[in-house]
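One structure is given below, encoded as structure tokens.
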Amino acid sequence: MQDAFPPPEMGEPYLLTPGPLTTAIEVKRAMLRDWGSWDGDFRAMTADLRKRLLAMAGADDDWDCVPLQGSGSYAVEAMLGSFVPRDGKVLVLANGAYGQRVAQSLRYLGRAHEVIDKGDYLPPRGAEVAAALAADTSITHVVAIHCETSSGILNPVEEIAEAVAQAGRKLLIDSMSGFGALPLDVRDIEVEAFVSSANKCIEGVPGFGFVIARRSVLEAAEGNSHSLALDLHAQWAYMEKTGQWRYTPPTHTVAAFLAALDLHEAEGGRAGRLARYEGNRDTMVAGMRELGFETLLSDRWLSPVIVTFFCPADPAFSFARFYDLMKDKGFIIYPGKLTVVDSFRIGCIGRMDAPVMRRVVEAARDSLTDMGVASAAPPEEALAERARLAA
Ligand SMILES: *Cc1c(COP(=O)(O)O)cnc(C)c1O
């Protein structure tokens with residue numbers, strides 16, 4: 001029987017990282033030809049991509065999808081600069097690097113903002129959002145991160161959306177590492193716009209992001225943007241008129257993305273994708289815990305996207321060495337991004353399934369043996385910090 005998830009071709013290691021990630025051979029193969037950006041064939045590909053992403057979001061004709069060249073951060077910055085008017089004010093809900101990046105973008109853009117900073121691993125809750133909005137009536141927009149990829153925490157966007165809607169403000173979501181797997185349907189959640197990119201849960205290659213927004217929001221965005229290249233209204237208006245991207249599109253990335261969308265559909269769409277990622281996470285986390293590793297987050301907040309583990313306390317453990325040993329065994333892992341304690345991360349997304357994750361755990365076990373690490377248990381301080389903050 002043919003393996004549905006064969007090892008990456010050409011002896012590549014698996015990327016246990018949250019994008020770029022391991023892609024299917026069909027996705028790679030789709031890039032083996034060239035397209036003219038103005039040609040009808042490519043315009044049809046762009047139209048198809050937009051239509052399929054809207055369908056994935058449960059969006060009807062009141063919505064539109066605007067793809068934009070660049071990595072995900074370009075699309076986030078375009079959304080902020082285009083949809084927050086210059087006299088608007090934003091409440092940023094931060095609990096990691098991507099929330100901080102939103103605040104940093106707003107500083108660059110010169111948009112007034114406040115930040116609720118929950119540190120490394122606590123979720124922003126609906127009640128505190130409601131309190132912050134009641135305390136400052138000049139806030140026009142709230143920005144939430146769906147899955148904060150720096151710790152892997154799954155933020156409660158439904159409860160946040162409710163608080164924002166109750167207060168009559170507007171919600172923008174960075175669902176970069178969520179959309180395509182985590183539930184995000186515009187019929188279920190009150191949101192102005194959200195953003196994601198080609199190389200996360202839809203399992204394409206890097207090269208563009210996309211914004212899904214209400215048409216009324218896109219129409220009202222004219223003249224807001226501080227930037228020519230990141231003006232979503234202009235990108236949208238040009239695309240509507242010509243069917244083309246405003247400037248050179250990432251043609252090969254678009255072709256790869258359509259192949260990735262075919263695989264996404266064949267897997268049962270968003271729900272099928274989520275089921276595989278949850279299986280990846282559950283298999284990997286259970287195996288790592290058996291080795292003595294501890295997760296930063298309790299099960300309630302563990303996303304099926306990426307999981308943070310504490311580094312073992314054993315002095316024989318070194319992350320740099322662990323990384324190299326894992327790579328030798330065919331797996332690229334990810335350093336941690338916590339400020340307080342040493343950690344590392346293992347991604348669950350990409351073209352991998354539970355049998356692959358079992359091999360990841362075996363590789364981790366063998367790497368510990370190679371280093372002479374007797375126990376993967378974290379230092380007492382890490383567990384004490386976790387317990388203190390969870391209380
Ligand atoms: C990946 C990601 C981004 C965008 O990062 P880029 O490196 O610019 O692609 C933004 N937000 C979140 C939550 C992400 O996971």
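None of the values given here were measured: they were computed from a predicted structure. Every number for a ligand or one of its atoms is a count from 1 in the order of the listing.
Ligand 1 lies less than 4.0 angstrom from a heavy atom belonging to K200. Ligand 1 lies nowhere less than 4.0 angstrom from a heavy atom belonging to V76. Assignment of G209 to the shell around ligand 1 is not supported, since no heavy atom sits closer than 4.0 Å.
Under the 4.5 Å side-chain criterion, counting only non-hydrogen atoms from C-beta, Q235 is in contact with L68. Within the 4.5 Å cutoff, no side-chain heavy atoms of D366 are placed close to those of L368.
Backbone and side-chain nitrogen or oxygen atoms of D174 are examined, and one is located within less than 3.5 angstrom of a nitrogen or oxygen of ligand 1. Between S71 and ligand 1, at least one pair of N/O atoms sits closer than 3.5 Å.
Neither the backbone nor the side chain of H146 has any atom closer than 4.0 Å to an atom of ligand 1 (non-hydrogen atoms only). Only the side chain of R101 comes within contact range of ligand 1, with a heavy atom under 4.0 Å; no backbone atom does. Only the backbone of C147 comes within 4.0 Å of ligand 1, counting heavy atoms alone; no side-chain atom from C-beta on gets that close.
Taking the six-membered ring for Trp and the full ring otherwise, the centers of F310 and F293 sit at least 6.0 Å from each other. Here F257 and F208 bring their ring centres to under 6.0 angstrom of each other.
Those atoms of ligand 1 with a heavy atom of S177 less than 4.0 angstrom away are 15 (O). With ligand atoms numbered from 1 in the order given, ligand 1 contributes 4 (C), 5 (O), 6 (P), 8 (O) to contacts under 4.0 Å with heavy atoms of S73. For ligand 1, the atoms lying closer than 4.0 Å to a non-hydrogen atom of G72 are 4 (C), 6 (P), 8 (O), 9 (O).
Between the side chain of R345 and the backbone N or O of G152, no donor-acceptor pair lies under 3.5 Å.
Atom NZ of K170 is surrounded by 12 or fewer heavy atoms from other residues, nucleotides or ligands within 6.0 Å. By the neighbour-count criterion of 12 heavy atoms within 6.0 Å, atom CD of Q100 is densely surrounded, having more than that number from other residues, nucleotides or ligands.
Test R365, K329, R321 against D370 for side chain to side chain donor-acceptor pair (under 3.5 Å) and you get one pass: K329.
Nearest protein heavy-atom contact of atom 13 (C) of ligand 1 is T149 OG1, 3.3 Å.
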